[in-house]
2 protein chains.
Amino acid sequence: MKKIINDPSRVVEEMLRGMERAHPDLVRLLPEHNVLVRADAPVEGKVALVSGGGSGHEPTHGGYVGPGMLDAACAGAVFTSPTPEQMLEATKAVDGGAGVFYVVKNYTGDVLNFEMAGELAQAEGIETDYVITNDDVAVEDSTYTSGRRGIAGTIFVHKICGAAADDGRSLAEVKELAERVNGNMRSMGMSLTSCIPPERGQPIFQIADDEMEIGMGIHGEPGTERKKIEPADAIVDELLGRVLGDTVDFSGSEVAVMVNGLGGTPLMELYIAYARVAEVLEREGVRVFQTYVGNYMTSLEMAGFSVTLLKLDEDMKRHLQAPCRVPASRPF
Amino acid sequence: MKKIINDPSRVVEEMLRGMERAHPDLVRLLPEHNVLVRADAPVEGKVALVSGGGSGHEPTHGGYVGPGMLDAACAGAVFTSPTPEQMLEATKAVDGGAGVFYVVKNYTGDVLNFEMAGELAQAEGIETDYVITNDDVAVEDSTYTSGRRGIAGTIFVHKICGAAADDGRSLAEVKELAERVNGNMRSMGMSLTSCIPPERGQPIFQIADDEMEIGMGIHGEPGTERKKIEPADAIVDELLGRVLGDTVDFSGSEVAVMVNGLGGTPLMELYIAYARVAEVLEREGVRVFQTYVGNYMTSLEMAGFSVTLLKLDEDMKRHLQAPCRVPASRPF
């Protein structure tokens, strides 16, 4: 196992300490709890946004904590849900009196634990609500999921709802917006290689040197098909075809597009994929408002990528363009 | 070879097209020349900054084109210098009448070709000058280098001199600042794995499953030592020890720090490394002004990282913090 780590059982703690040291103006660590919160939390009178999940998807979610996005991110062990106790500590640390909103990717453990945390918080007098993101069109149920999985589109919820909360929206309004964003976005991914979780020390699946898996999840959960690797354009056509053919009608609309790298794929290849995405969208009459190409939600060193489309309305566009200051958007 | 590409001989062209399509408000392509220029180039009356080099190091350099950083980036084939003709076309496209400044990493081909381009441009009446960056303390001469190599610290020159040019500094003043930044920064890297250039289709070197190379270059050029892989803290201690022990006296100073991923190393590991960097700097009495953790200058999918320290003065600090808008710093 070739990794730049010290103790495989301490990678999350050491990573979070590194993030706090690197960005002390943006985030601070609740050290016993593996929770990163905004350096200036709580912000009085503002709805607070909390997300979280297993580690190994960086910069998701800790990299999105800061003004204009998340108020806190709960980091579980690698590919393991954080606990309700972590989520409760995060909730208490960021509550500014206007309620706390949870952005939860649809994985069974995350959903159960955030629901429990919400009940615990309400028992302490903090109003909470949540959205469950499920943008991945690849499979209807999966290893860790009842229903569709939440993947990279979740970052659009962080950004848009983070800006809306900054704008003074109420908990109910933030929830309505989050549901609207989630309902308007679809994603699908593929992978070429496995990753190696540090504590496991072994690849989580085997794949031949000339094969790819379509619809792969961000924890290596099976997708829809394993087959011989194809040219980038053919891969994009397949992923984007599934996204465009799902239940959101993107034709004639304005969209945000994300080509998200899973960690091990060079930026060169993500831009090659995007060149085809742009061609297909132009042909289909879909107008691109804003494009995101890079590693937004990874799976350690897995090679592969996903494509997300979000159908925008004016409200979303304004919040997508609002300023934010988070570790993942640092200069340059 | 597991890559998301179409034709190995067309990866650079397709990548650049993808960058232009993704960021049309920031960059446009001189399509016959594989040069990305600012969308609004030329900017009248401003010194223009041009950089470039072999492709495969993305986001270097095309990702740094935009207001506040570079006016143009010339993309060679993978790990191959761009030609003087490309550089001349870039120069003519961005010249705003105040001269054109080249930021050149110290590789023999890059240096010769930028020198030749400067002569060609001067023959056409465009004033040019250049800096050669050589921040890598690992080796004094190398496969493609006479003298030290230029690596990730080069991005600090892009940022600081880009802001200074925006501020209205003259060509001579920009050069003086560039030399000062280059003279105040030192870097050193290591790698765990090779990358695979698309046209070659094979790893550029072999390294055992339990080995690392200290001082490795960004084209896989040999470093100083190959040995058994060590814990992250020991690796950081070795790299940072060499950086701190070189000819810049960092003690008691304020620095910018970059922990730069070579492409295939998860962000988690870069932050684990940074946690140790912060500890060592604190112990050594070096104050951190600004931290950069991420993939700034890569080597395709190579696993590994480098550490750069830049000793700052007030002038550099102001320019480091100036706003810029480039593909590599897009939201979020």
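Throughout, a chain's letter reflects where its sequence line sits, starting with A, and its residues are numbered from 1.
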Engaged part of [X] at the chain B interface, taking heavy atoms whose separation is under 4.5 Å:
{"X": "A:D210", "answer": "backbone"}
{"X": "A:V11", "answer": "both"}
{"X": "A:I207", "answer": "both"}
{"X": "A:M302", "answer": "neither"}

- Has the side chain of B:N6 got a donor or acceptor atom that lies under 3.5 Å from a matching backbone atom of A:A232? yes
- Message: Using modelled atom types and a 3.5 Å cut-off, is there a donor and acceptor pairing between side-chain atoms of A:K3 and backbone atoms of B:P231?
- Response: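 Absent.
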- Task: Measure distances from B:A208 to the heavy atoms of chain A and classify the residue's part below 4.5 Å as side chain, backbone, both or neither.
- Result: backbone
- Given a strict heavy-atom distance threshold of 4.5 Å, which part of B:A303 is in contact with chain A: side chain, backbone, both, or neither?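 Looking at B:A303, nothing touches chain A.
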Rounded to the nearest 0.5 Å, what separates atom [atom1] in [X] from atom [atom2] in [Y]?
{"X": "A:I235", "Y": "B:I5", "atom1": "CD1", "atom2": "CD1", "value": "10.0 Å"}
{"X": "A:L300", "Y": "B:T265", "atom1": "CG", "atom2": "OG1", "value": "11.0 Å"}
{"X": "B:E14", "Y": "A:R276", "atom1": "CD", "atom2": "CZ", "value": "9.5 Å"}
{"X": "B:L267", "Y": "A:E301", "atom1": "CG", "atom2": "CD", "value": "12.5 Å"}
{"X": "A:I4", "Y": "B:L192", "atom1": "CD1", "atom2": "CG", "value": "4.5 Å"}
{"X": "A:E58", "Y": "B:L270", "atom1": "CD", "atom2": "CG", "value": "10.5 Å"}

- Hey, does A:P327 have a side-chain heavy atom less than 4.5 Å from the side chain of B:Y271?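 A side-chain contact exists here, since the closest heavy-atom pair is under 4.5 Å.
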- Task: Return the option, out of B:M19, B:E230, B:E20, with the maximum number of heavy-atom pairs under 4.5 Å with chain A.
- Result: B:M19
- Query: chain A: which of B:D209, B:T298, B:I229, B:V277 shares the most heavy-atom pairs with it under 4.5 Å?
  - Reply: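 Option with the greatest count: B:D209.
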- Using the test salt bridge (Lys or Arg N to Asp or Glu O under 4.0 Å), find all partners of B:E213 that sit at least two apart in sequence or belong to another chain.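 B:R226.
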- Task: Answer yes when A:E282 and B:R21 have at least one side-chain N-carboxylate O distance shorter than 4.0 Å, and no when they do not.
- Result: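 Salt bridge: yes.
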- Message: Between B:R17 and A:E279, does any NZ, NE, NH1 or NH2 come within less than 4.0 Å of an OD or OE carboxylate oxygen?
- Response: yes
- Which atom pair, heavy atoms only, marks the closest approach of A:I272 to B:M15?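 Answer, listing the atom of A:I272 first, then B:M15: CG1-N, 3.7 Å.
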- Item | Side-chain H-bond candidate by donor/acceptor type, A:H23 with B:Y274, under 3.5 Å |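 No.
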- Task: Against chain B, work out which of A:G304, A:A234, A:A278, A:G264 has the most heavy-atom pairs shorter than 4.5 Å and name it.
- Result: A:A278
- Find the one option among A:G294, A:A275, A:P323 whose heavy-atom pairs under 4.5 Å with chain B are most numerous.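 The answer is A:A275.
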- Message: Run the side chain to side chain contact (heavy atoms under 4.5 Å, CB included) test on A:M268 and B:V78 for me, step by step, so that the C-alpha distance in whole Å, both residues' side-chain angles and the decisive distance to 0.1 Å come before the verdict.
- Response: CA-CA 10 Å; A:M268 169 182 278; B:V78 172; 3.8 Å; yes
